[in-house]
Number of protein chains: 2
Amino acid sequence: MTEASEHGGATPERFGAPRGRDRTDGRGGAPGAARGRPAPPPSPRVRLVDVAREAGLSKTTVSAALNGTGRLSPEIREKARETARLMGYRPNATARQLRAGRARLIGYVVGELADTPWTFLESPYFARLTGATAATALARGYAVVLLPAGSLQSEWAALPLDAVVVADPVADDRIVEDLLAARIPVFSDRSVEGRPGAHWVDVDADAAVRQALDHFHAQGARRPVLVVPDSTTRFHREVEAAHRAWCAAHGVPERAVRVAEPGNGPVIRAVEAALGTGPERPDALLVVAEASPPLVLEAARRHGYDVPGDLLLVCVSEDETAVHTEPPVTTLSLRPDAVAEAGIAHLVAVLEQGLGETGGAMVPVRLDVRASSVRPV
Amino acid sequence: MTEASEHGGATPERFGAPRGRDRTDGRGGAPGAARGRPAPPPSPRVRLVDVAREAGLSKTTVSAALNGTGRLSPEIREKARETARLMGYRPNATARQLRAGRARLIGYVVGELADTPWTFLESPYFARLTGATAATALARGYAVVLLPAGSLQSEWAALPLDAVVVADPVADDRIVEDLLAARIPVFSDRSVEGRPGAHWVDVDADAAVRQALDHFHAQGARRPVLVVPDSTTRFHREVEAAHRAWCAAHGVPERAVRVAEPGNGPVIRAVEAALGTGPERPDALLVVAEASPPLVLEAARRHGYDVPGDLLLVCVSEDETAVHTEPPVTTLSLRPDAVAEAGIAHLVAVLEQGLGETGGAMVPVRLDVRASSVRPV
DNA sequence: TATTGATGCGGGAACGTTCCCGCACAAGAG
DNA sequence: CTCTTGTGCGGGAACGTTCCCGCATCAATA
């Protein structure tokens, strides 16, 4: 990792005759072999043999020198490296991959919402998850290619994918079935009930709900209400279960509103329904479905609530705008960075050590308490 | 594109002896060649020769049959295809790439803000641009790999990139220099002054400013104020110039506030500065820097403005939350989808037909008028 | 001085495709 | 019957690496 060799002297000084594409191999081989092609001279990229010829060495030696393998004298090693550097040699990644048998490429599918593809990337959670996945994977030597959920098999079939990460398993997209059929390992940031054979990472739903509700309770709230997505994701099912258990244990009535589909519009409507529900107005609101915190706050105000005066608010969200509202909104982070890290670690383990068929890791959540959930004194 | 062959019969029925990794090539070749490796039997992926052997044909013939090339009798072609299908054959993408000389892979660098990498993906503009780029590229046969801006050369150097798209050229990241030095073509969604040798797509700044200001003017506003990023991006420079020209032409005082850095915090503070500025309070606000529309609205309210009663508001933003505020916020879309499409089209043209060194395309903007910028009657 | 062992380097076969040819055979023209 | 033309298929090189070997050379030991 010498910084110098990493960045220094990038100017590829041209050396000798940059090979006229003749390729006369000495053997008295098949007749009519090397016929001069039209030879468009766009960019005769320098290959390993070119470096070898220039340095008066064999390609084996140069390869070993550059990769730090083999038994070579320091002088020869240095000479090969220097020649390669001067000639601006860059190894052909495709050839390496072919030799290695793996492309170190993983696909990243982000779920599609109805017929508006890719709006998922706009969700802060998925944006962060995507970025963190790419960064983590790259640090471990894997590149991430973006795959819209609606992609046809003909589109990704031409890619040498070692594995695929599916960011939103709720959408039981055809693509997952096709991937599994193509014997490509599938990983996911959530586990879905009844989908076997895939690897997953999940977040600790029980801890999440308990943290938020305990926090409400400690602030004196006694009539909390929950807004939760109506999905088959294990996380959301467990959120509901944990909520039920917590309410029973604390002897408070169980209030929850389900959101049928993601997106700010539906969630805001569910929030409004939750705020208008029941005989007594709720005094705390936990929004597990991701929505823009400022919008949730505005909805509460429209319904005559003062936050945090007569309504404590916690949003499950990664949205940075939560910090800038008045009051700032307490958020429960699902830790997309940690999810990505755990997911990639698991993926790499499976790919490189060949672990079991199905498995998962559990990631904790994090409550960032801000003014919206702190009862004023 | 037969749907049937695309999805149908994906079950790879195992055929004959799935080759015991022996590979005894008949020629009396070099001694000590085929030594049985430890041979981990994980997944003896079926190759072209396996299909050929099973079908009693040559690999040339099978290849031609599957690719629809060559001179083959219909019967043989069908037989090869059927055998391949039954054996669950999937061509090795890496080998194809090696033969073809290109990997059909393009990198996508998204700029880094200070030392918080990847927060850019959270901006709705970049999220949409990213998604649209990936989808458009994939439709044209190119895959997009995500590259964090901070990536070391050692990380992406191992990738067979045909080109790289840089999503935020403002950050004059080392990566761009390195890419150009590595002779990898660079494309960008914006042009930056003084960066030569790269291809770009840009949006029509002049039309954008005129549309917004004309709209304000038509609604009766006479004291518009502009909030614009302080960057070297050509677009932002042209926005300022267009604003100056428009103000001069319409005889209104030129009011503008510059934002030093992106992000909701800085932009909101600039908005507050803009709203408190000058002897007379402004009656219209054009925010060119991307910020969350609900936050801008809230800031205006904190300063005692009624929108749209005594302040008309237009935000340059792709943020979907603009629709859900009260009143909904008028937005000026920079058309990331169109930018992506134009950019990829240009990229493909350069890559496949080898066009000129530098060039660009211009994309128009779109004003979505909502209640926040319509003077109530 | 022979024998071993270690060291330094190169030859050449893979990796799995595609594609340029050549060859065999059949059919039509002279 | 021979010469050409066309059709159908297969052999084998090439794409640019890596890595398994083998062959020298040389020092150390018997």
Side-chain angles (χ1 to χ4, degrees), chain A residues 19 21-35 37 44-53 55-77 79-80 84 89-103 158 160, chain B residues 19 21-27 29-37 44-53 55-77 79-80 84 89-103 158 160:
Chain A
R19 107 178 179 260
R21 273 280 173 195
D22 40 6
R23 307 279 172 84
T24 48
D25 45 5
R27 293 169 297 143
R35 180 102 61 85
R37 292 186 186 175
R45 189 166 158 177
V46 37
R47 304 159 303 167
L48 197 59
V49 273
D50 300 322
V51 177
R53 192 182 308 134
L57 298 168
S58 78
K59 56 181 161 63
T60 304
T61 305
V62 177
S63 172
L66 297 180
N67 292 330
T69 60
R71 297 176 307 208
L72 297 182
S73 70
E75 299 80 32
I76 290 288
R77 195 177 290 272
K79 166 155 198 178
Y89 168 72
R90 294 196 314 124
N92 183 312
T94 306
R96 277 190 162 165
Q97 292 174 3
L98 181 60
R99 216 12 258 230
R102 283 180 310 147
Chain B
R19 108 179 178 262
R21 273 280 173 196
D22 40 7
R23 306 280 172 83
T24 49
D25 44 5
R27 294 168 295 144
R35 180 101 60 88
R37 293 185 186 178
R45 189 166 157 175
V46 36
R47 304 159 304 167
L48 197 58
V49 273
D50 299 323
V51 177
R53 191 183 309 134
L57 298 169
S58 77
K59 56 182 160 61
T60 304
T61 305
V62 177
S63 173
L66 296 181
N67 292 331
T69 59
R71 297 176 308 208
L72 297 182
S73 69
E75 300 79 31
I76 291 288
R77 196 177 289 272
K79 166 156 197 175
Y89 169 72
R90 293 196 314 126
N92 182 312
T94 306
R96 276 191 162 164
Q97 292 173 3
L98 181 60
R99 212 22 253 232
R102 283 181 311 147

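Remember, it's a predicted structure, so these values are computed and weren't measured experimentally. Order of the sequence lines sets the chain letters (A, B, ...), proteins ahead of strands, with each chain counted from 1.
Comparing B/Leu98 and A/Ile76 against DNA chain C, the residue whose closest nucleotide sits nearer the 5' end is A/Ile76.
The side-chain hydrogen bond (donor to acceptor under 3.5 Å, both in side chains) test applied to B/Arg77 returns no partner, not counting sequence neighbours. Applying the side-chain contact (heavy atoms from CB on, under 4.5 Å) test to A/Ala158 and every residue at least two apart in sequence or in another chain returns nothing. A search for side-chain contact (heavy atoms from CB on, under 4.5 Å) contacts involving A/Ile76 returns A/Leu57, A/Thr61, A/Ser73, not counting sequence neighbours. Remark: A/Arg90 engages no residue in a side-chain hydrogen bond (donor to acceptor under 3.5 Å, both in side chains) (not counting sequence neighbours). Every residue meeting the side-chain contact (heavy atoms from CB on, under 4.5 Å) condition with B/Ala84, not counting sequence neighbours, appears here in chain and number order: B/Val51, B/Leu66, B/Tyr89.
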Output a table of nitrogen or oxygen pairs between the protein and nucleotides 17-19 of chain C separated by less than 3.5 Å.
{"residue": "C/dT17", "atom": "OP1", "partner": "B/Tyr89", "partner atom": "OH", "Å": "3.0"}
{"residue": "C/dT17", "atom": "OP1", "partner": "B/Asn92", "partner atom": "N", "Å": "3.3"}
{"residue": "C/dT17", "atom": "OP2", "partner": "B/Leu48", "partner atom": "N", "Å": "2.8"}
{"residue": "C/dT17", "atom": "O5'", "partner": "B/Tyr89", "partner atom": "OH", "Å": "3.1"}
{"residue": "C/dT18", "atom": "OP1", "partner": "B/Asn67", "partner atom": "ND2", "Å": "3.2"}
{"residue": "C/dT18", "atom": "OP1", "partner": "B/Arg96", "partner atom": "NE", "Å": "2.9"}
{"residue": "C/dT18", "atom": "OP1", "partner": "B/Arg96", "partner atom": "NH2", "Å": "3.3"}
{"residue": "C/dT18", "atom": "OP2", "partner": "B/Ser63", "partner atom": "OG", "Å": "2.7"}
{"residue": "C/dT18", "atom": "OP2", "partner": "B/Asn67", "partner atom": "ND2", "Å": "3.4"}
{"residue": "C/dT18", "atom": "O2", "partner": "B/Arg99", "partner atom": "NH1", "Å": "2.3"}
{"residue": "C/dC19", "atom": "N4", "partner": "B/Thr60", "partner atom": "OG1", "Å": "3.1"}

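The interatomic distance linking A/Arg77 (CZ) with C/dG10 (C1') rounds to 15 Å, in whole Å. For A/Glu75 and C/dT7, the CD to C1' distance is 13 Å, given to the nearest whole Å. Here C/dT7 presents its C1' atom at 11 Å from CG of A/Leu72, a figure rounded to the nearest Å. Between the CZ atom of B/Arg53 and the P atom of D/dG10 there is a distance of 14 Å, given to the nearest Å. In this entry the distance linking CZ of B/Arg71 with C1' of C/dC21 reads 10 Å, nearest Å.
To the nearest 0.5 Å, atom CZ of residue A/Arg45 and atom CG of residue A/Asp50 are 11.5 Å apart.
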